[in-house]
Each structure stands twice: as C-alpha cells, then as structure tokens.
Amino acid sequence: MRRFAAAATIAVLPLAGCLPKPNTLATRSYLLTPVAVDALPQSARAEAEATAVGINPVRMPSYLLRPSVAVRSGTSEVVYLEASLWADRLDRQFQRVLAEDLAARLPYRSVRLAPWNSGEVSQAVSINVLQFDVDTTGTGSLIAWWQVHSASGGGLLTNGTARLTESGPPPDAQPEAIPSTLSRLVSRLAALLAEALQTSGVGAPAR
C-alpha cells in the first residue's frame with residue numbers, strides 16, 4: 001500500500017507544472033465625471049425646487065452595458081479593453097453625470113433623477129443613446145435622440161438629435177483618457193439640452 005501511494009504521488013506531480021497560471025492581468029475601473037461646476041445661487045434654490053426638471057433612465061445599446069470599455073474599430077466592429085472596466089453601468093453613469101452638468105447650466109431649475117413622485121418635476125427629459133464610444137484614434141462619438149415632455153400631461157415640448165464628437169489620445173496608448181473624452185461629450189449634450197430648454201421657455205425662470 002505504501003508503494004502504491006508513493007507511485008500515485010509521483011504520477012500527480014508532473015501534472016501540477018502543466019496547470020495554467022491564474023490570470024494576473026491588472027485591471028482599472030473608471031467613472032464618468034461632470035465637467036461643469038454647479039454654481040446655483042442660494043437665492044434661486046427655493047424657485048428651482050418648485051420648477052424641477054427630471055431625467056428619465058437613459059436607454060443605451062447592450063454593447064455598451066458590458067463591464068469592459070468598448071472601442072470602435074471600423075464602422076461595424078467593436079473591441080473591448082478587458083483590463084479597463086466601468087465601475088458602474090454606463091447608462092446609470094450617463095444619467096447621473098448628465099443631471100449634474102445640466103443643473104449647472106440651468107441655475108433656476110433643480111434637476112432630479114427618476115423615479116420621482118407626482119408633482120415633483122414639471123418637465124421630464126428622455127435620452128436614447130445610439131452610439132457612445134471612442135474609436136482606435138481616440139475620437140469619441142455620441143449620437144442620441146432626446147425629448148422633453150410635460151411631466152403632468154406627457155405632451156411633447158421639444159426634441160432633437162445630438163451628433164457630437166470629441167478628440168482624445170489613442171486608447172491603446174492612454175486608455176485612462178477614455179472616461180474624460182466621454183465625459184466631455186455628456187457635458188456638451190447637457191449644454192445642448194439647456195439651450196433647447198431655455199429657447200422653448202422650459203428652462204427660463206417662472207414668473
């Protein structure tokens with residue numbers, strides 16, 4: 001029996017050296033960040049609370065909802081940076097950062113995230129993202145449909161399409177720059193929405 005056990009041990013030892021090594025690829029996790037600074041005057045806060053704008057959950061293609069950061073390679077191919085991850089789902093980050101950037105541009109409006117109670121917001125913004133990524137050269141692209149509805153009756157107040165681009169370093173050289181490039185795109189969308197709201201009278205102070 002002792003000789004059999006020794007033989008079994010000897011038979012197993014060579015296999016241990018053939019086992020694959022664990023994946024030791026270092027990963028980094030990223031977040032989108034607001035670009036604008038909220039400078040809402042204290043005297044305007046009471047009025048802002050009474051005329052709030054709501055941001056609905058952002059719709060986004062499923063290819064962008066994977067944990068790994070997507071990079072567009074050509075017109076019909078997407079590759080993923082397995083060592084570069086999103087710290088939270090990209091659609092939720094987009095919604096939060098858009099709300100912060102928009103609030104900075106509407107000093108007489110409070111901006112809230114869905115869900116909200118009846119009567120808490122006067123207008124609701126909906127965003128349908130079609131493209132939100134960088135390509136192999138580092139150029140970021142955002143294509144999105146947007147609509148603003150009356151929160152009470154649901155009627156359409158204004159709508160449009162955003163087609164925005166931002167330059168950045170190539171992702172293979174500086175993957176950490178991707179969140180900054182995409183954050184600038186969200187900020188530019190917020191500026192576009194703020195202008196549309198103000199032009200239509202939705203973003204102007206109530207009198």
Side-chain angles (χ1 to χ4, degrees), residues 20 22-36 53-103 105 111-116 124-149 156 158-196:
N23 185 3
T24 58
L25 183 65
T27 60
R28 300 178 66 179
S29 298
Y30 301 106
L31 288 168
L32 300 179
T33 54
V35 174
V53 175
I55 306 295
N56 282 311
V58 174
R59 298 182 63 183
M60 194 169 281
S62 58
Y63 85 89
L64 292 172
L65 301 182
R66 290 179 51 166
S68 298
V69 174
V71 173
R72 189 169 292 269
S73 177
T75 57
S76 59
E77 183 180 4
V78 173
V79 296
Y80 293 92
L81 306 182
E82 299 301 334
S84 298
L85 309 177
W86 292 116
D88 191 10
R89 273 179 46 137
L90 193 55
D91 54 349
R92 291 195 289 253
Q93 294 187 60
F94 193 108
Q95 183 194 24
R96 289 195 300 268
V97 172
L98 177 66
E100 292 188 52
D101 282 332
L102 185 58
R105 291 171 168 82
V111 180
R112 301 184 184 179
L113 302 181
W116 48 75
V125 177
S126 299
I127 308 290
N128 186 357
V129 172
L130 305 180
Q131 181 179 343
F132 185 53
D133 50 38
V134 300
D135 63 18
T136 53
T137 70
T139 300
S141 299
L142 170 59
I143 303 175
W145 299 335
W146 57 267
Q147 294 181 327
V148 181
H149 289 86
L156 179 65
T158 184
N159 68 323
T161 301
R163 296 180 179 273
L164 308 171
T165 59
E166 276 285 330
S167 298
D172 57 345
Q174 297 184 49
E176 67 277 7
I178 295 175
S180 297
T181 302
L182 297 181
S183 294
R184 292 196 300 274
L185 287 169
V186 177
S187 178
R188 289 179 58 189
L189 176 61
L192 185 155
L193 287 172
E195 181 178 358

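Counting begins at 1 with the first residue of the sequence.
Looking only at distances, a side-chain donor or acceptor of Ser183 sits under 3.5 Å from a matching main-chain atom of Thr33. When atom types are taken as modelled, the side chain of Gln131 and the backbone of Ser141 share no donor-acceptor pair closer than 3.5 angstrom. Side-chain N or O atoms of Asp101 include one that pairs as donor or acceptor with a backbone N or O of Val35 at under 3.5 Å. Using modelled atom types, no side-chain atom of Glu166 and backbone atom of Leu185 make a donor-acceptor pair closer than 3.5 Å. Between the side chain of Arg184 and the main chain of Ser167, a donor-acceptor pair closer than 3.5 Å is present.
What you find for Tyr63 and Phe132 is that their closest heavy atoms are OH-N, 4.0 Å. Heavy-atom minimum distance, Asp88 versus Gln93: O-NE2, 2.7 Å. Between Leu192 and Ala162 the shortest heavy-atom distance is CD1-CB, 4.1 Å. The heavy-atom pair separating Thr136 from Pro170 by the smallest distance is O-CB, 3.8 Å.
A donor atom on one side chain and an acceptor atom on the other are found under 3.5 Å apart for Glu82 and Ser68.
Side-chain contact between Pro179 and Trp86 is present, with at least one heavy-atom pair separated by less than 4.5 Å. Taking 4.5 Å as the limit, every side-chain heavy atom of Leu90 sits out of range of all side-chain heavy atoms of Val129.
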Test side-chain hydrogen bond (donor to acceptor under 3.5 Å, both in side chains) on Ser187 and Arg105 and set out the steps. CA-CA 10 Å; Ser187 178; Arg105 291 171 168 82; 3.0 Å; yes
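Applying the salt bridge (charged side-chain N to carboxylate O under 4.0 Å, His left out) test to pairs two or more places apart or on separate chains, those with a residue in residues 129-140 are Arg72-Asp133.
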